[in-house]
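Reading through the C-alpha cells given below for one structure.
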Amino acid sequence: MSLRPSVLALALLLAGGAARAQQAPPSAEQLDARLRAVEQRLGIAVNEDAVGLAALDARLKAIERRLAQGDAPAAVAASAPATAQSAASVSTLSVSADKGVSLKSPPEQGVELRFRGLVQADARSWLGDDALPQNDGFLLRRAQPTLEGSLGKLIGFRLMPELAGDSASISDAYIDLKFDPRATLRVGKFKAPVGLERLQSSGANTFVELGLSSELAPSRDLGVQLQGEFDGGALTYAAGVFNGAPDGRDGASANSDDAFEYAARVFWEPFRGADNAAAGLGVGLAASTGDVTGGGSAALPRYRTPGQAQFFGYRGAVQADGARRRIAPQAYWYHGPVGLLGEYVESSQDVRVGGTAARIDNRAWQLAASWVLTGEAASYRGTVKPDRPFTGDGLGAFELAARVGALSVDDQAFPLFADPASAARHVRAWTIGLNWYLTQNLKLMTNYSEADFDGGAPASDRETEKTLFTRAQVAF
C-alpha cells in the first residue's frame, strides 16, 4: 500500500536528524517536541494529561485526520527541518479575531510581532442649531494600524500612527523595558496616567465621544514612565515625567518652555478574582503637577462640548504663567452585563494677562452606566463579545448606555481672561446610546446628546446643543 505525500512529510519530520546521526537517535523528549510542532501548525489541541502509547496513537490519528482534509500537507512540509535542529524551533504565525495577526519565534527567543487595526467612520448631525450652525457630515474619526510586540523578555514596543484627518501623525510610539511585572520602564509617546476614560482603549469606549471630565485630563504626551502591578494585577501604578500637555489635548512634540510635568496614578481592584459581585470593582487616584509658560493651544486649554464644538477658550493675549495642577479620583464597577464608570477631575492653571495674574480652577465630573441587553459580559478593557454573532445564527449583542456630566469654569476667568459673550461658564450634558456588536470585530453605535450652558452668548446663554452621532467601527 502506498503512502500519501503528506504522511511521508510527517514521517520525515518525526525522524528529523536521526537518519543523519544513527549513533545518536533522537530522545523521546525530542520526538515529542517535534510532534507538538506539527500539532501546533495544524491547530490541534493536545491533552497535556494523556501519556503512554495509547495517547501517542490518538495524537497520530488526529494528525492523520487533519492531513486527510487536504489543506494541511503544505503546512507540515514547511515545518519539516532542513537540518538537525528541533522542530520546536519553528516560528508560528497565528490569526485571531481579538488579537490580530501574530508572528512568534520559538519560546527560547521570545520574539513576537503583532499587527492590529482600528477604523472608526462617523456620521454627525446637529439638531436645532439655528444660533450656532454646525456642519453635518461624515468623518473618518480614526484609522490606526498598530504594530506591537516584544524582542525577547526585556523589550516591548508599540507603534501606532493615525491616518485619519488631513495628515498622518503618530499617536503611540514607545519602548517598554520589562525588568519585572512590578517595574516596567516606558519611554516615548503614550497616554499620560491621569484620566480613567482617556486611558481606556479607543475601540473599547462605550460612547462615540468622551465625556466632559476627559476635557480636563491630558491625552498623550512624550516622556518616561515607571509602571507595574502587584498581587496578580489587582494593584497597578504608574509615575512619569513628561513634556506637559494642556487639558484634553496631546502634548507638543518639543518642550518649548523648558519645564516638565510630573504625573502619577494608582489603581486598586481589591476583590479581583473573587467569585462575587465585588470582583469587578476598581478605585483609583491620579494627579499631575508642573510649570508651564506661554500662550496658544500648546499651553492653554480649549474645552469642547459632547458634540466636539468649542464652548470655552482664553483670550488671545492670555499666557500660562506658572503651576498647572490636576487631581482625579476615579472608579469603575463591572459585573456580568452591567458596567458603571465615574470620575472627577479638577485642573488649576496660573495665568497672566498684562500685569494681572490669577489661578483658574476648573472642575468636571461624569457618571456613565451600561447594560448589555443580551447578557454578555461588559468590561472596561475590551469590547463586548457576542455569544451569538450576526455571522452565525444570532443577531449579535446589544448594549444600552447612558451618561451624565458637567464642567464648570472658574468665575475668575471672566471677563478679563475669557470673553463671557463667547465662552460659557458652565455646561451640563447627558447622552444616551445604543451599541450593536454584530461580531467582536464590528460595532455600530448611535448616540444622542444634549448640553445646556450658562453664558457663552452675548447677554444670554448659549443655545442648547443637540447632536445625533453614529459610528461604524472595525477593530482586530
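As the structure is a prediction and not an experimental result, all values here were calculated from the model.
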With sequence neighbours excluded, residues passing ring-ring contact (aromatic ring centres under 6.0 Å, His included) with [X]:
X    : value
W371 : none
Y344 : none
F469 : W126
Y237 : none

Working for side-chain contact (heavy atoms from CB on, under 4.5 Å), residues D176 and F157: CA-CA 6 Å; D176 283 342; F157 68 91; over 6 Å; no
Assess whether atom [atom1] of [X] is packed by more than 12 heavy atoms of other residues, nucleotides or ligands within 6.0 Å.
X    : atom1 : result
D258 : CG    : no
F115 : CZ    : yes
K178 : NZ    : yes
L444 : CG    : yes

Are the side chains of [X] and [Y] in touch, meaning some heavy atoms are under 4.5 Å apart?
X    : Y    : value
T431 : Y448 : no
L416 : T356 : yes
T305 : F453 : yes
R142 : V119 : no
P145 : R116 : no
L113 : S102 : no
F417 : R352 : no
L210 : R198 : yes

Under the salt bridge (Lys or Arg N to Asp or Glu O under 4.0 Å) test, which residues partner [X], sequence neighbours left out?
X    : value
D130 : none
E376 : none
D180 : R182
D410 : none

Working for salt bridge (Lys or Arg N to Asp or Glu O under 4.0 Å), residues R141 and E209: CA-CA 10 Å; R141 185 65 173 87; E209 294 294 347; 2.8 Å; yes
Do side-chain atoms of [X] reach the backbone of [Y] as a donor and acceptor pair under 3.5 angstrom?
X    : Y    : answer
R315 : P415 : yes
E463 : A131 : yes
T374 : F398 : yes
N447 : F207 : no
Q330 : V194 : yes
E162 : A164 : yes
W365 : G342 : no
D172 : R158 : no
D350 : R359 : no

Geometric class of the F414/F312 ring pair [parallel <30°, tilted 30-60°, perpendicular >60°]: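 Aromatic pair F312/F414 classed perpendicular.
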Residue pair D129 / Q134, side-chain donor-acceptor N/O under 3.5 Å: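 There is no such pair (donor and acceptor under 3.5 Å, judged by atom type) between the side chains of D129 and Q134.
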Any side-chain donor near an acceptor of the partner, E197 and Y380, under 3.5 Å: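 The criterion, which ignores hydrogens and geometry beyond distance, is not satisfied for Y380 and E197.
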Pair Y262 + F260: ring centers closer than 6.0 Å: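 No - the distance between ring centres of Y262 and F260 does not fall below the 6.0 Å cut-off.
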Could you measure the distance from the [atom1] atom of [X] to the [atom2] atom of [Y]? Nearest 0.5 Å is fine.
X    : Y    : atom1 : atom2 : value
Q473 : L438 : CD    : CG    : 12.0 Å
Q349 : D321 : CD    : CG    : 9.0 Å
L341 : Y332 : CG    : OH    : 9.0 Å
R403 : I432 : CZ    : CD1   : 12.0 Å
E215 : L407 : CD    : CG    : 7.5 Å
K189 : S219 : NZ    : OG    : 8.5 Å

NZ or CZ of R186 within 45° of Y174 ring axis and under 6.0 Å: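 R186 over Y174 ring: yes.
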Row check, F190 ring normal vs R220 NZ/CZ: under 6.0 Å, within 45°: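 No, R220 does not sit over the ring of F190.
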Test side chain to side chain contact (heavy atoms under 4.5 Å, CB included) applied to P270 - qualifying residues, sequence neighbours left out: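 P270 satisfies side chain to side chain contact (heavy atoms under 4.5 Å, CB included) with W268 once adjacent residues are dropped.
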Contacts of S408 that satisfy side chain to side chain contact (heavy atoms under 4.5 Å, CB included) - sequence neighbours left out: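 Listed in chain order: H426.
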Trace of the side-chain contact (heavy atoms from CB on, under 4.5 Å) decision for D393 with R388: CA-CA 7 Å; D393 59 352; R388 300 178 61 194; 3.8 Å; yes
Are [X] and [Y] within salt-bridge range, i.e. N to O under 4.0 Å?
X    : Y    : value
R425 : D454 : no
R265 : E343 : no
E346 : R325 : no

Non-hydrogen atoms of A331 and V283 that approach each other most closely: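 Minimum heavy-atom separation between A331 and V283: CB-CG1, 4.0 Å.
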For the student: nearest non-hydrogen atoms of D136 and S125, plus distance: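 Reported closest heavy-atom pair: OD1-CA, 3.5 Å.
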E112/S105 under side chain to side chain donor-acceptor pair (under 3.5 Å): CA gap, chis, key distance, verdict: CA-CA 6 Å; E112 180 178 5; S105 72; over 6 Å; no
Residues in side chain to side chain donor-acceptor pair (under 3.5 Å) contact with N243, at least two apart in sequence or another chain: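 With neighbours one apart ignored, the set is empty.
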Residue pair S288, R326: steps toward the side chain to side chain donor-acceptor pair (under 3.5 Å) verdict: CA-CA 5 Å; S288 68; R326 301 185 187 95; 3.1 Å; yes
N/O donor-acceptor pairs under 3.5 Å from side chains in residues 291-303, not counting sequence neighbours:
residue	atom	partner	partner atom	Å
Y303	OH	D247	OD2	2.8
Y303	OH	N362	ND2	3.1

